[in-house]
Amino acid sequence: MKTMQLVWLKRDLRAYDHAALAEAARRGPVLPLYIAEPGYWSLADPSGRHWAFVAECLDELRTDLAALGQPLVIRVGEAISVLTELLNCLPIEAVWSHEETGNGWTYARDIAVGDLLRNRGIPWHEMPQNGVVRRLQTRNQWSKIWEQRMRTPLEPPPAIRPLGPLSEIGGIGIIPDARDLGIADDPCPRRQPGGRLAGVAMVESFLRERGEAYHREMSSPVTAYDSCSRLSTHLAQGTVSIRELVQATRHRREQLAAQAPGGGPHGGLRGTWAKALSAFEGRLHWHCHFMQKLESEPRIEFENMHRACDGLRDPKPDRERLDAWCQGQTGFPFVDACMRALIQTGWINFRMRAMLVSFSSYHLWLHWRESGLHLARVFTDHEPGIHWSQVQMQSGTTGINALRIYNPVKQSQDHDPQGVFIRRWVPELAGVPDVWIHTPWKMSRAEQDACGCLIGRKYPAPIVDHEAAAREARRRMGAIRRTAESRVESRTIFETHGSRRRGAGAIRTRQATSETRRKRSPNPDSESS
Ligand SMILES: Cc1cc2nc3c(=O)[nH]c(=O)nc-3n(C[C@H](O)[C@H](O)[C@H](O)COP(=O)(O)OP(=O)(O)OC[C@H]3O[C@@H](n4cnc5c(N)ncnc54)[C@H](O)[C@@H]3O)c2cc1C
């Protein structure tokens with residue numbers, strides 16, 4: 001048998017613009033491999049909805065790779081034992097994959113795989129697939145590197161020389177069921193479908209139609225389900241590459257500019273599409289900006305970014321509070337509607353994610369780690385680098401961001417004024433009149449009877465008093481942020497992680513709320529939309 005290149009697919013489930021696959025295919029026959037690792041799937045952050053999406057991607061990818069010459073090989077087991085077995089049976093010359101900014105478990109797994117391959121004398125080529133830079137020395141040049149990578153030409157799917165029936169290793173293997181991996185049941189009836197075809201269709205529909213009012217409609221969950229791109233899950237599992245998406249966005253901008261009156265190759269694009277595409281492209285930059293934080297400092301998955309916050313919140317959660325929040329039973333209609341929508345769909349927009357975390361971290365004073373794990377499981381798009389950076393940012397533990405204590409009633413009035421979203425996801429409140437839909441606990445007993453919603457029986461009373469809880473949270477956070485040591489550490493954190501857009505303005509040590517200090521800014525570390 002001829003020597004072969006092993007391509008280890010992880011969260012890059014595509015054949016298009018796959019640098020590792022293309023490079024390997026140039027060297028010789030390719031064994032494309034996906035390993036379903038029970039050790040990973042039994043952790044606290046992955047969930048059934050993640051696996052369901054991945055399984056759909058694998059199914060489609062297997063067909064795509066077969067059409068290119070060699071179907072995907074799938075194995076269930078831990079990476080070390082699967083790779084050892086393959087290396088023992090097949091003449092593997094090199095292993096190829098994309099760099100992964102995963103969780104602590106995948107980080108440790110990759111170190112072990114690196115050791116294994118080094119001991120066996122097999123080179124492992126890990127290639128970047130986004131703007132995240134390994135062993136980054138300074139943030140100063142980061143944006144330049146991001147831009148260079150996004151401009152690199154896309155890799156077309158390569159022709160792959162077939163390997164035959166692979167009887168030495170017992171064939172290509174089947175896509176396991178969630179139960180085979182020990183994954184708990186996780187119904188998510190409105191989850192997005194997986195697979196590259198679905199991802200490409202989302203790119204097309206967003207850039208051609210859905211995205212026109214993106215910048216205006218992203219903040220309300222009433223409009224965001226259609227007006228946001230909904231590409232996060234595809235980016236997280238790699239059915240679409242971020243480079244492909246950046247290039248498609250730029251191409252669309254040029255196309256629209258050329259079509260505009262007085263437009264042409266050099267004519268600038270104005271109007272709603274210009275604003276929408278510019279806001280969107282900015283966020284594709286943020287995608288990598290936030291992932292870079294975890295890549296550069298993996299401990300932030302578990303520990304406060306700002307050490308002055310250690311001991312601030314008890315890592316052992318108040319179970320009653322946590323459960324009420326996780327189940328959408330806090331008594332704040334908008335918070336509960338967002339959580340219940342998220343559980344059923346696997347997605348909610350940025351501002352509502354921020355509000356959910358703000359509520360659990362400030363109003364309920366829960367440690368971000370436990371609430372973050374719940375969200376990691378219910379977000380189909382869980383991306384550890386973005387997730388833990390954002391969870392900490394919205395909990396006030398980064399030391400370089402403004403405090404944003406969202407007022408859940410004001411958010412509700414601003415983003416769901418008629419209570420359409422609330423009534424859809426919290427049916428107990430369907431009969432509550434518009435005037436009380438944001439604060440049903442303020443209804444008199446007679447009004448509760450009249451609309452058939454007894455507070456404390458049919459729907460919970462508010463779990464905390466908003467004003468008092470927010471005041472206390474501001475007091476506690478302020479006490480930490482005012483100390484000289486804390487300010488010094490904030491500067492160090494900014495040096496490592498802060499966005500260089502708008503320079504040191506990103507450091508904010510004074511207290512602020514999004515309601516009082518909302519400004520439009522391209523700085524990802526100060527954005528609240
Ligand atoms: C507490 C919290 C946790 C989050 N966890 C995740 C996560 O696990 N996975 C994830 O992809 N995003 C996460 N986000 C960021 C953001 O909410 C989602 O990327 C976005 O809602 C996904 O929907 P979309 O693809 O329609 O985004 P769009 O608004 O259409 O944006 C396009 C893409 O830009 C990137 N992006 C957008 N907003 C942000 C942001 N604020 N920070 C970083 N990248 C951004 C994403 O890749 C997104 O897919 C989190 C935000 C918060 C506040």
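Note that the structure is a prediction, hence the values are computed from the model and not measured. Atoms within a ligand are numbered from 1 in the order they appear, just like the ligands themselves. Atom set for the values below is all heavy atoms of this structure, side chains included, hydrogens, waters and symmetry mates excluded.
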Practice task
From the options Met355, Arg283, Gln392, select the one whose nearest heavy atom is closest to atom 36 (N) of ligand 1.
Solution key: Arg283
Problem - NZ/NE/NH1/NH2 to OD/OE distance under 4.0 Å, Arg313 and Asp318 - result: no
Exercise for the section: Give the numbers and elements of all ligand 1 atoms closer than 4.0 Å to a heavy atom of Val357. Expected result: 1 (C)
Exercise for the section: For Phe290, take its heavy atoms, then give the atoms of ligand 1 lying under 4.0 Å from any of them. Expected result: 42 (N), 43 (C)
Practice task
Answer with side chain, backbone, both or neither: which part of Phe379 has a heavy atom less than 4.0 angstrom from an atom of ligand 1?
Solution key: side chain
Practice task
Measure the distances from the heavy atoms of Ala236 to every atom of ligand 1 and state whether one is below 4.0 angstrom.
Solution key: no
Problem - Salt-bridge contact Glu383-Arg11 (side-chain N to carboxylate O under 4.0 Å) - result: yes
Problem - Aromatic centroids of His387 and Phe379 separated by under 6.0 Å - result: yes
Handout entry: Residue pair Thr397 / Gln392, side-chain donor-acceptor N/O under 3.5 Å
Key = yes
Problem - Set of ring-ring contact (aromatic ring centres under 6.0 Å, His included) partners for Trp41, sequence neighbours left out - result: Trp51
Fill in the blank from the handout: Candidates Arg353, Glu383, His382; heavy atom nearest atom 6 (C) of ligand 1 found on Arg353
Practice task
For ligand 1, find out whether one of its N or O atoms is nearer than 3.5 Å to an N or O atom of His387.
Solution key: yes
Problem - Electrostatic pair Arg134:Glu100 at N-O distance under 4.0 angstrom - result: no
Handout entry: Element-labelled atoms of ligand 1 that are located less than 4.0 Å from some non-hydrogen atom of Leu235
Key = 47 (O), 49 (O)
Practice task
Verify whether the ring centers belonging to Tyr406 and Phe359 lie closer than 6.0 Å.
Solution key: no
Exercise for the section: Give a yes or no on whether the ring-centroid distance for His497 and His289 is below 6.0 angstrom. Expected result: no
Fill in the blank from the handout: Nearest heavy atom to atom 29 (O) of ligand 1, choosing from Tyr214, Trp347, Phe280, belongs to Tyr214
Completion exercise
Atoms of ligand 1 under 4.0 Å from any heavy atom of Ala354, numbered from 1 in the order shown, are 53 (C)
Exercise for the section: State whether the shortest distance between N or O atoms of Ile386 and N or O atoms of ligand 1 falls below 3.5 angstrom. Expected result: no
